[in-house]
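Below, chain A is the first sequence line, B the second, and so on; all start at residue 1. None of these values were measured; they are calculated from a predicted model.
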Amino acid sequence: MEERYEAQEIEQKWQQRWEMSGIDAASDDAQDQRPKYYCLVMFPYPSGNLHMGHVRNYCLGDAVARYKRMQGFNVLHPIGWDAFGLPAENAAIKNNRPPAEWTYANIDQMREQLKRLGLSYDWSREIATCRPEYYRWEQWLFTRLMQKGLAYQSNAEVNWCDPCHTVLANEQVVDGVCWRCDTPVVRKNLKQWFIKITAYAEELLADLDKLDGWPEKVVGMQRNWIGKSTGAEVSFGLESSDETLDIFTTRPDTLMGVTYMAVAAGHPLAKKAAESNAELAAFITECSKMSTKEADVETMEKKGMPTGFNAVHPITGGLVPVWVANFVLMGYGTGAVMSVPAHDERDYAFAKKYDLPIRQVIRPTEGDWDIESTAFTEQGVLINSADFDGLDSVTAKQAITEHLSKQGKGSERVQYRLRDWLVSRQRYWGAPIPVIHCEDCGAVPVPDDQLPVELPTDLQPTGGASPLSQCEAFVHADCPTCGKPARRELDTFDTFMESSWYMSRYTSPRSNEAMLDSAAIERWAPVDQYIGGVEHAVLHLLYARFYHKLMRDAGLFTSEQGGDEPFINLLTQGMVLKDGSKMSKSKGNTVDPKAIIERFGADTARLFTLFAAPPEKELEWNDAGVEGGYRFLKRVWRLLEKLDAETGGDEDAAAVKALRFTIHTTIQRVTHAFEHGFAFNVAIAALMELANALQDFQIRCAVGKAVYREGVEALATMLAPFVPHFACEFAEKLGMDQVAVVAGWPKVDETALVQDEITLVVQVQGKKRGEIILAKDASQDDALALAQSDASIAKWMDGMQIVKVVLVPGRLLNIVVRPA
RNA sequence: GCCGGGAUGGCGGAACUGGUAGACGCACAGGACUUAAAAUCCUGAGAACGUAUGUUCGUGCGGGUUCGAUUCCCGCUCCCGGUACCA
């Protein structure tokens, strides 16, 4: 009788051994002949406590990393800390301690929690983004971008939260209020720092086609986010004025149907009109308060007011009124649109509401259209369009654009929805923006020899303005250009800056010579498998793609060395739910990983999170299910007992062969799961089936015992990526070479898959009527004869004539009959 | 609105490329062991009818293709995620 399965003891033992052996470190040895594999999980924000979402993420990554090591790859599997950010400042205010202290303490705590899970990270590469050795390179790159004109300062209308005293990114505004303090967000015009992601819009869009290892969903989301549309820019004149009113349209073919113009409330023309029109001024103020969020926007009533100005049609010279409309956005295109009610739903509704004319200029290619009842928004053939009559929409777009172009009144234009990345934050706990403001020289980048601009770590935030403004030692600096006393930039970077390049930094985490070591990039980049939550589908993953290209173009590596994209394959894991909803403190439905580990051990926690659902789907937490996982491990443990079985009995060739068949189909199935889509739930189910088969197997003879041993050894090995401590201990008890468990993966023995006899399902008229057992190479006629000799099958063919017989080798026989 | 994904037992989920629907697990029921409990083991189970061999129905709904459809095609319903009044 073997001793019980003692998870805590075993896990401690193996974690110590792994740490001593350094087995999880990635090798930078140029002599290492193994192919590389870079497996990355999204690094955590050090909130202090690991939650189930982290556990799921890291168990997935660890399974992949361990499997690849077993397959003979040199695996890079690093971890670190996304350590700047607001929660540290809020905690600092609450506890009256500097955020650095809180952050580093949390990192220590979370590192222990990760280690307790037995994750096979290369801890020698651990990074924390709040360390100057890290963010100095971000500052360095930023100054390069400034020189190239890719980083710039500009006035912009931004979301501002008063209590938090900072601008907010769009995604931090939820239904018009600040995500953190629920205060309504104000839109303010502020001078902010931007990085010109729009300059890379085309490449970011085009390279999406290369990402076939990404979920289509994420690619689609990014494509929409970039939002490319092609059309024309058209310059309308203004009555009795030299000025023009420029608009962008995707439908230049409908130009002759324009009956009015609409401008955004923030448009200069609207402002000008409001000067002499109090009613209009009030309307504009109302518009500026309106929500930018889609939910409200969807239901919002379309409203407008005439400005009193008239625009001059660029072709006909006719006059059309200019309106201010709440649905026109200043931030997209030119903040003004031409309105063609006959061919646009929104313009149609607006025209009906304000009784503006509707002029049809496109008709369907076939049939008629009643423009009195609805707009015709499809492409078609031009009518009422003078010289352009009879052209189809596609041709007309070109013809009209060309015509305008010749007169200097328009041109082809590509418009993106993507806007430049606002990277400045009025916060303390972030990487300082490396700029010195000089009265004479303006905004001057900090020279390389003065980098990093270190963030003082001993300041105490109070919730109002950044404490940096009170820190004289930080604020005062001499202008690098003219030497006169100047002031440092007080804003810090958006924390998405740090997370945009950490995957590259892991390849040479201690480099003090350069942001990246190009040789290390060549060795490791790009990431072969990236795993993380789908909530980062657009922002983080778009910024990281962008940053990768920026670093490439800054000469840190070439396309050949580092690729044009940072992540080849992406797995977006689903959320962990409890009682049907996301775990949260306020709902009181959280499950603490620590409690699970203490009760059942890390292996059970790992097993359950991988088994309960396919990785990309949501995982419903189920305490009973966790116990089921624990039971499974205990059951496997007891398989050891049977190794002492007596072997004096008769040989049972059929049972032995059947067991070998199960062993090798299991190897096939589990390997397949790792190579295609990481369906670990299915892989683990297959291992459970193998365990069940081993449990049911009666050892009688020496051959049986040998095959049984083959089975438990294969089981031990294949369990290793999922429940590594258990697998190692189990393998040790089996007397296996440990190398086999960390560096070997079982191979399928094709001969074990060959069966002499097969079971064939017999269908009559496509309905299952029985099964027959016959030799694997039996002919269709043999099979048919055997089926007909089976009374329970034959009765379905009584008085019938066989019309057709379909044999699917190894699977089924379908007999098609009809009344004789 | 648009884009993407989905709907399979009481539950989580399986099902290669069109070939036995419901693997594996959870929960449940019955039994064994035990003074008892825990632990463990065995057995059962999609639904309906039937004592039973069994028969019929069954993968959101309605059609179609096929010897055969959870799988492919057409038309819907509902759910989830994303999102842009995009000019």
A.B. asks: Would you mind classifying the nucleic acid contact of Phe611(A) as base, sugar-phosphate or nothing, using non-hydrogen atoms under 4.0 angstrom?
C.D. replies: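 Phe611(A): base contact, heavy atoms under 4.0 Å.
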
A.B. asks: Select one nucleotide: of A23(B), G25(B), G19(B), the one nearest the side-chain heavy atoms of Val806(A).
C.D. replies: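 Of A23(B), G25(B), G19(B), G19(B) is nearest to the side chain of Val806(A).
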
A.B. asks: Any side-chain N or O of Arg631(A) less than 4.0 Å from the OP1 or OP2 oxygen of A27(B)?
C.D. replies: yes

A.B. asks: Answer yes or no: side-chain N or O of Arg811(A) and base N or O of C16(B) forming a donor-acceptor pair under 3.5 Å.
C.D. replies: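 By the distance-only test, yes, there is a pair.
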
A.B. asks: Please report, rounded to the nearest Å, how far the P atom of G25(B) is from the CG atom of Leu607(A).
C.D. replies: 12 Å

A.B. asks: Taking syn as within 90° of 0 and anti otherwise, name the glycosidic form of G50(B).
C.D. replies: anti

A.B. asks: When you match Lys795(A) and Ala613(A) each to their closest nucleotide on RNA chain B, which lands nearer the 5' end?
C.D. replies: Ala613(A)

A.B. asks: Nearest to the side chain of Asn224(A), heavy atoms from C-beta on, is which of U56(B), A27(B), C3(B)?
C.D. replies: C3(B)

A.B. asks: Contact class for Asn692(A) (heavy atom, under 4.0 Å): base, sugar-phosphate, or nothing?
C.D. replies: sugar-phosphate

A.B. asks: If only side-chain N and O atoms of Asn681(A) are considered, is one of them under 4.0 Å from the OP1 or OP2 phosphate oxygen of A23(B)?
C.D. replies: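 No, because none of the side-chain N or O atoms of Asn681(A) sits under 4.0 Å from OP1 or OP2 of A23(B).
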
A.B. asks: Does Gln695(A) make a side-chain N or O approach to OP1 or OP2 of C41(B) shorter than 4.0 Å?
C.D. replies: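 Answer yes for this pair, as a side-chain N or O of Gln695(A) is under 4.0 Å from OP1 or OP2.
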
A.B. asks: Is the shortest side-chain N/O distance from Lys767(A) to OP1 or OP2 of C57(B) below 4.0 Å?
C.D. replies: yes

A.B. asks: Between G68(B) and U20(B), how far apart are the C1' atoms? Round to whole Å, please.
C.D. replies: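 U20(B) and G68(B) have their C1' atoms separated by 12 Å.
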
A.B. asks: For Arg223(A) and G82(B), is the shortest distance between a side-chain N/O and OP1 or OP2 below 4.0 Å?
C.D. replies: no

A.B. asks: Check every atom of A87(B), C85(B), C24(B) against the side chain of Val337(A) and return the nucleotide holding the closest atom.
C.D. replies: A87(B)

A.B. asks: Determine whether the aromatic ring centres of Phe350(A) and Phe327(A) lie less than 6.0 Å apart.
C.D. replies: yes

A.B. asks: Which part of the nucleic acid, if any, lies within reach of Pro614(A) when heavy atoms closer than 4.0 Å are counted: base, sugar-phosphate only, or nothing?
C.D. replies: sugar-phosphate

A.B. asks: Between Glu689(A) (CD) and G25(B) (P), how many Å, whole number?
C.D. replies: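 Answer to the nearest Å: 8 Å.
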
A.B. asks: Counting heavy atoms from C-beta on, name the nucleotide in A87(B), G19(B), U83(B) closest to the side chain of Thr249(A).
C.D. replies: A87(B)

A.B. asks: May I have the distance from Phe632(A) (atom CZ) to G12(B) (atom P), rounded to whole angstrom?
C.D. replies: 22 Å

A.B. asks: Let's go through Arg223(A) and Asp209(A) carefully: what are the C-alpha distance in whole Å and the side-chain angles of both, what is the deciding distance for salt bridge (Lys or Arg N to Asp or Glu O under 4.0 Å) to 0.1 Å, and is it a yes or a no?
C.D. replies: CA-CA 10 Å; Arg223(A) 190 168 281 130; Asp209(A) 292 337; 3.1 Å; yes

A.B. asks: Counting the atoms with a prime plus P, OP1 and OP2 as sugar-phosphate, which does Trp621(A) contact under 4.0 Å by heavy atoms, base, sugar-phosphate, or nothing?
C.D. replies: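 Touches nothing.
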
A.B. asks: Of the nucleotides G68(B), U55(B), G25(B), which has the atom closest to the Asn814(A) side chain?
C.D. replies: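 Between G68(B), U55(B), G25(B), the one nearest the side chain of Asn814(A) would be G68(B).
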
A.B. asks: It should be established whether Lys634(A) places a side-chain nitrogen or oxygen under 4.0 Å from OP1 or OP2 of nucleotide U40(B).
C.D. replies: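 For U40(B), OP1 or OP2 has a side-chain N or O of Lys634(A) closer than 4.0 Å.
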
A.B. asks: Whether the Asp623(A) and Trp621(A) side chains hold a donor-acceptor pair (N or O, under 3.5 Å, no angle test) is what I'd like checked.
C.D. replies: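 Result is yes, a qualifying pair exists.
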
A.B. asks: Using ring centroids (six-membered ring only for Trp), state whether Phe678(A) and Phe674(A) fall under 6.0 Å.
C.D. replies: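 When the ring centroids of Phe674(A) and Phe678(A) are compared, they turn out to be at least 6.0 Å apart.
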
A.B. asks: Which nucleotide wins on minimum distance to the side chain of Lys768(A), given the candidates C24(B), U20(B), C26(B)?
C.D. replies: U20(B)

A.B. asks: Looking at A87(B), I'd like to know if its phosphate oxygens (OP1 or OP2) sit under 4.0 Å from a side-chain N or O belonging to Ser229(A).
C.D. replies: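 Ser229(A) to A87(B) OP1/OP2: side-chain N or O found under 4.0 Å.
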
A.B. asks: So what does Val761(A) touch, heavy atoms closer than 4.0 Å: a base, only the sugar-phosphate, or nothing?
C.D. replies: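 Val761(A): base contact, heavy atoms under 4.0 Å.
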
A.B. asks: Tell me whether the side-chain N/O atoms of Lys217(A) come closer than 4.0 Å to OP1 or OP2 in G4(B).
C.D. replies: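 For G4(B), OP1/OP2 do not have a side-chain N/O of Lys217(A) under 4.0 Å.
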
A.B. asks: Phosphate oxygens OP1/OP2 of C16(B): is one of them under 4.0 Å from a side-chain N or O of Arg669(A)?
C.D. replies: no

A.B. asks: Between G1(B) and C72(B), how far apart are the two C1' atoms, rounded to whole Å?
C.D. replies: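 Taking atom C1' in both G1(B) and C72(B), they lie 29 Å apart.
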
A.B. asks: Compare the minimum distances between each of U20(B), G19(B), U56(B) and the side chain of Glu771(A), then state the nucleotide with the smallest one.
C.D. replies: U20(B)

A.B. asks: Given atom CZ of Phe608(A) and atom C1' of C11(B), what is their separation to the nearest angstrom?
C.D. replies: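 Roughly 12 Å, once rounded to whole Å.
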
A.B. asks: For this output row, return yes or no: ring centroids of Phe722(A) and Phe611(A) closer than 6.0 angstrom.
C.D. replies: no

A.B. asks: Quick one: do the Gln222(A) and Arg545(A) side chains pair a donor with an acceptor below 3.5 Å?
C.D. replies: yes

A.B. asks: In whole Å, what is the span from the CE atom of Met338(A) to the C1' atom of C85(B)?
C.D. replies: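 Computing the Met338(A):CE to C85(B):C1' distance gives 16 Å.
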
A.B. asks: When the P atoms of G9(B) and G60(B) are considered, how many whole Å apart are they?
C.D. replies: 8 Å

A.B. asks: Would you say Lys582(A) places a side-chain N or O within less than 4.0 Å of OP1 or OP2 belonging to G81(B)?
C.D. replies: no

A.B. asks: Between Lys578(A) (NZ) and C26(B) (C1'), how many Å, whole number?
C.D. replies: 14 Å

A.B. asks: Figure out the CG/P separation between Leu812(A) and G19(B), and round it to whole Å.
C.D. replies: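 Spelled out: CG on Leu812(A) to P on G19(B) is 10 Å.
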
A.B. asks: Pick the closest RNA chain B nucleotide for Asp696(A) and for Val682(A) by heavy atoms, then say which residue is nearer the 5' end.
C.D. replies: Val682(A)

A.B. asks: So for atom CD, which belongs to Gln398(A), do other residues, nucleotides or ligands contribute more than 12 heavy atoms lying within a distance under 6.0 Å?
C.D. replies: no

A.B. asks: Write down the distance separating the C1' atoms in A32(B) and A21(B), rounded off to the nearest Å.
C.D. replies: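 After rounding to an integer number of Å, I get 33 Å for this pair.
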
A.B. asks: Looking only at the side chain of Arg346(A) (C-beta and beyond, no hydrogens), which of the listed nucleotides C67(B), C85(B), G13(B) gets closest?
C.D. replies: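 Ranking C67(B), C85(B), G13(B) by closest atom to the Arg346(A) side chain puts C85(B) first.
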
A.B. asks: How about His313(A) and Phe236(A): are their ring centroids closer than 6.0 Å?
C.D. replies: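 Yes, the ring centres sit under 6.0 Å apart.
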
A.B. asks: Rounded to whole angstrom units, what separation is found between the CG atom of Leu690(A) and the P atom of G25(B)?
C.D. replies: 12 Å

